> 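One structure follows; several queries about it will come next.
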Number of protein chains: 2
Amino acid sequence: MRILVIEDEPGIANFIKQGLEEESFAVDIANDGTMGIETALTGEYDLILLDWMLPGISGIEVCHQYRKVNTDTPIIFLTAKDTVQDTIFGLQSGANDYIKKPFAFDELLERIRVQLRPKSGEHETFTLGNIELNTRTHQIFKNDEEIFLTQKEFALFEFLLRNKGKVCRRTQIIESVWDIHFEYNTGVIDVYINALRNKLDMKESGPHIKTIRGVGYIAKDL
Amino acid sequence: MRILVIEDEPGIANFIKQGLEEESFAVDIANDGTMGIETALTGEYDLILLDWMLPGISGIEVCHQYRKVNTDTPIIFLTAKDTVQDTIFGLQSGANDYIKKPFAFDELLERIRVQLRPKSGEHETFTLGNIELNTRTHQIFKNDEEIFLTQKEFALFEFLLRNKGKVCRRTQIIESVWDIHFEYNTGVIDVYINALRNKLDMKESGPHIKTIRGVGYIAKDL
DNA sequence: CTCTTTCTTAAGATTTGCTTAAAATGGAAT
DNA sequence: ATTCCATTTTAAGCAAATCTTAAGAAAGAG
């Protein structure tokens with residue numbers, strides 16, 4: 001799950017980035033409206049957090065522009081203003097929700113989840129055989145026994161499960177999970193796949209992550 | 001499906017090459033404008049990815065030159081520039097689309113597919129009897145049972161299916177699938193045709209790959 | 001029947017992925 | 001700031017799958 005934060009104050013931007021990364025979202029920051037709209041349009045994000053007050057192009061303007069091209073990706077406004085007027089205006093411009101600064105991080109998280117839930121059309125848990133992944137609580141159970149994964153392990157596994165049955169190409173994985181876009185000559189994926197297979201105890205029979213040589217991996221039941 | 005990438009930065013060029021090869025395109029790289037236009041004119045490519053900023057001859061110039069000779073092959077510009085002016089200018093010079101760097105690989109892939117789809121006039125799946133090939137997910141099903149092919153096997157089979165009913169000459173095959181252009185005295189094709197017939201279980205009756213003695217092969221239903 | 005082309009198999013070369021250990025990174029605690 | 005610890009990444013040797021070559025067997029053409 002990739003999130004773009006369009007916010008000029010580095011302090012706030014980094015605070016949000018860190019918090020979201022702890023929840024294993026992949027977060028990019030754009031620090032002004034121009035960069036923001038450009039990045040939003042090039043990259044593929046699942047959600048956009050948009051500051052109301054931006055130097056140069058305003059948040060509303062960014063939202064307007066973006067909505068001309070993309071009407072699916074949810075946008076949540078971050079705003080210091082708090083009049084009802086502004087709120088209505090913001091939502092009319094195409095945003096899906098808004099949150100007033102200062103805000104409790106958990107509240108932000110909650111609103112993000114609300115926006116992401118209906119979009120994926122999925123539940124908040126995914127399963128692979130007897131393994132269950134809960135995106136909400138960030139836990140993994142195998143036969144009701146909890147298994148602890150690190151951030152990256154979890155993010156990779158979640159990506160595979162969200163695409164269960166479909167082939168996940170190495171390029172897709174390195175982009176979605178590691179956020180690396182150009183030059184890519186690393187063996188990280190192999191290492192983490194290996195870790196997953198070990199921790200989740202995926203031998204021959206039973207659910208497994210199959211490798212498609214020269215292409216990538218695929219998670220399959222049975 | 002053959003793609004030429006004209007791009008001077010090795011990092012980006014190789015990243016694109018790998019990504020596209022995972023999708024089983026045959027990719028060649030030219031690292032400057034002169035080489036680029038030369039290769040574009042000699043080889044037979046289905047699509048060209050052209051960097052805007054090139055040492056020596058610029059991307060626009062390459063595009064202009066190329067369009068004097070060939071007006072069919074789609075060209076997609078890769079550009080760091082982002083002004084509307086440049087874009088319009090680029091498209092006027094004969095390009096079919098453009099994409100701003102940095103871009104998400106999936107977006108590039110999508111644009112490539114948009115360009116290739118109308119040209120081939122085909123869908124993203126091909127069938128041969130009860131066998132179905134999905135170019136998108138890179139999978140093959142026979143009566144809804146998945147059959148795993150290697151890269152080369154898949155590429156060869158895809159080529160045959162794209163030309164279903166038409167005779168595929170050995171020279172065509174070796175050029176499109178193996179990217180070998182001149183000297184050619186190898187028995188690889190035979191070996192791979194054999195592998196396909198085995199894996200896909202093509203006996204006499206039923207769908208099969210018929211061999212045309214002295215010429216090549218043809219994929220036929222029934 | 002003889003010659004040519006294709007089929008089939010097996011073995012060698014090459015590429016790709018697996019696995020492990022060690023180095024780098026980053027956070028938390030002292 | 002320093003140390004410690006967990007996580008992430010890099011690197012390298014090994015294993016396995018794939019690709020290519022080659023050579024004898026089979027099949028088709030004349």
Side-chain angles (χ1 to χ4, degrees), chain A residues 14-15 17-24 26-27 138 140 147-157 159-160 167-171 173-174 177-180 183-204 208-218, chain B residues 14 17-19 21-22 24 26-27 138 140 147-157 159-160 167-171 173-174 177-180 183-204 208-219:
Chain A
N14 288 323
F15 170 74
K17 182 180 167 77
Q18 164 159 15
L20 292 178
E21 280 175 349
E22 285 171 6
E23 296 288 327
S24 81
V27 181
H138 231 264
I140 290 187
I147 293 174
F148 293 94
L149 297 186
T150 68
Q151 296 277 42
K152 275 276 144 66
E153 287 165 355
F154 190 92
L156 173 58
F157 192 47
F159 182 79
L160 290 171
V167 176
C168 301
R169 299 169 208 303
R170 297 178 95 92
T171 314
I173 295 174
I174 210 73
V177 181
W178 272 268
D179 212 5
I180 296 173
E183 46 222 281
Y184 144 58
N185 58 334
T186 168
V188 247
I189 298 177
D190 308 54
V191 174
Y192 274 82
I193 290 285
N194 187 237
L196 282 184
R197 297 211 253 232
N198 285 337
K199 284 201 180 180
L200 301 173
D201 189 32
M202 293 168 161
K203 306 290 179 186
E204 309 80 74
H208 56 266
I209 300 172
K210 187 172 160 55
T211 123
I212 313 286
R213 202 149 228 264
V215 182
Y217 298 88
I218 181 173
Chain B
N14 287 324
K17 184 179 165 74
Q18 162 157 17
E21 282 175 348
E22 287 173 3
S24 83
V27 181
H138 225 267
I140 289 186
I147 293 175
F148 291 93
L149 297 186
T150 69
Q151 295 272 72
K152 276 276 143 64
E153 287 165 356
F154 190 93
L156 173 58
F157 192 47
F159 182 79
L160 290 171
V167 176
C168 301
R169 280 181 247 97
R170 297 178 92 93
T171 321
I173 295 174
I174 210 75
V177 181
W178 273 268
D179 211 5
I180 295 172
E183 99 287 3
Y184 142 58
N185 59 333
T186 168
V188 247
I189 299 177
D190 307 55
V191 173
Y192 274 82
I193 290 285
N194 186 237
L196 281 185
R197 297 211 253 232
N198 285 337
K199 283 202 180 180
L200 300 174
D201 189 32
M202 292 168 160
K203 307 288 179 188
E204 307 80 74
H208 57 267
I209 300 172
K210 188 174 161 57
T211 123
I212 313 288
R213 201 147 225 272
V215 183
Y217 299 88
I218 182 173

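Letters go in sequence order (proteins before strands), and every chain restarts at 1. Remember, predicted model here, so these are calculated numbers, not experimental data.
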> Starting at atom CG of A:Asn194, determine the distance to atom P of D:dA16, rounded to an integer number of angstrom.
14 Å
> Rounded to the Å, how far apart are B:Asp190 CG and C:dT9 C1'?
13 Å
> Quick one: B:Ile212 CD1 to C:dT6 P, roughly how many Å, whole number?
11 Å
> Would you kindly give the CD1-to-P distance between B:Ile189 and D:dT21, to the nearest whole Å?
12 Å
> For residues A:Ile140 and A:Glu153, determine if any side-chain heavy atom of one lies less than 4.5 Å from a side-chain heavy atom of the other.
no
> May I ask you to evaluate whether B:Thr186 reaches the phosphate of D:dT21, defined as a side-chain N or O under 4.0 Å from OP1 or OP2?
yes
> Can you tell me the distance, in whole Å, between the CD1 atom of B:Ile173 and the C1' atom of C:dT6?
13 Å
> Where the side chain of B:Lys152 is defined as all heavy atoms beyond and including C-beta, which of D:dT9, D:dC19, D:dA22 is the nearest nucleotide?
D:dC19
> Could one point to a donor on the side chain of A:Arg213 or the base of D:dT18 with an acceptor on the other under 3.5 Å away?
no
> Mind calculating the distance between CZ (A:Arg170) and P (C:dT15) to the nearest angstrom?
16 Å
> Expressed as a whole number of angstroms, how long is the span from B:Leu196:CG to C:dT6:C1'?
15 Å
> If the test is side-chain contact (heavy atoms from CB on, under 4.5 Å), which one of B:Val188, B:Ile173, B:Thr150, B:Leu149 qualifies with B:Leu156?
B:Ile173
> On the nucleotide C:dT5, are OP1 or OP2 found under 4.0 Å from the side-chain N or O atoms that B:Tyr217 carries?
no
> Nearest-Å distance, OH (B:Tyr192) to P (C:dA10)?
17 Å
> Looking at every non-hydrogen atom in both residues, tell me the closest pair between B:Ala219 and B:Leu160 and how far apart they are.
CB-O, 4.0 Å
> Just N and O in the side chain of B:Thr150: are any of them under 4.0 Å from OP1 or OP2 of D:dA17?
no
> For A:Phe154 and A:His138, take the angle between the two ring planes, folded into 0 to 90°, and tell me which bin it lands in: parallel under 30, tilted 30 to 60, perpendicular over 60.
parallel
> I want to check a possible cation-pi pair here: B:Lys199 against B:Phe157, using under 6.0 Å from ring centre and within 45° of the ring axis as the test.
no
> How is A:Phe154 classified with respect to the nucleic acid when contacts are heavy atoms under 4.0 Å: base, sugar-phosphate, or nothing?
nothing
> For A:Phe148, report the nucleic acid contact type (base, sugar-phosphate, nothing); a contact means any heavy atom under 4.0 Å.
nothing
> Has A:Trp178 got a side-chain N or O lying under 4.0 Å from the OP1 or OP2 atom of D:dT9?
yes
> Within the 4.0 Å heavy-atom criterion, would you say B:Gln151 contacts the bases, only the backbone, or no part of the nucleic acid?
sugar-phosphate
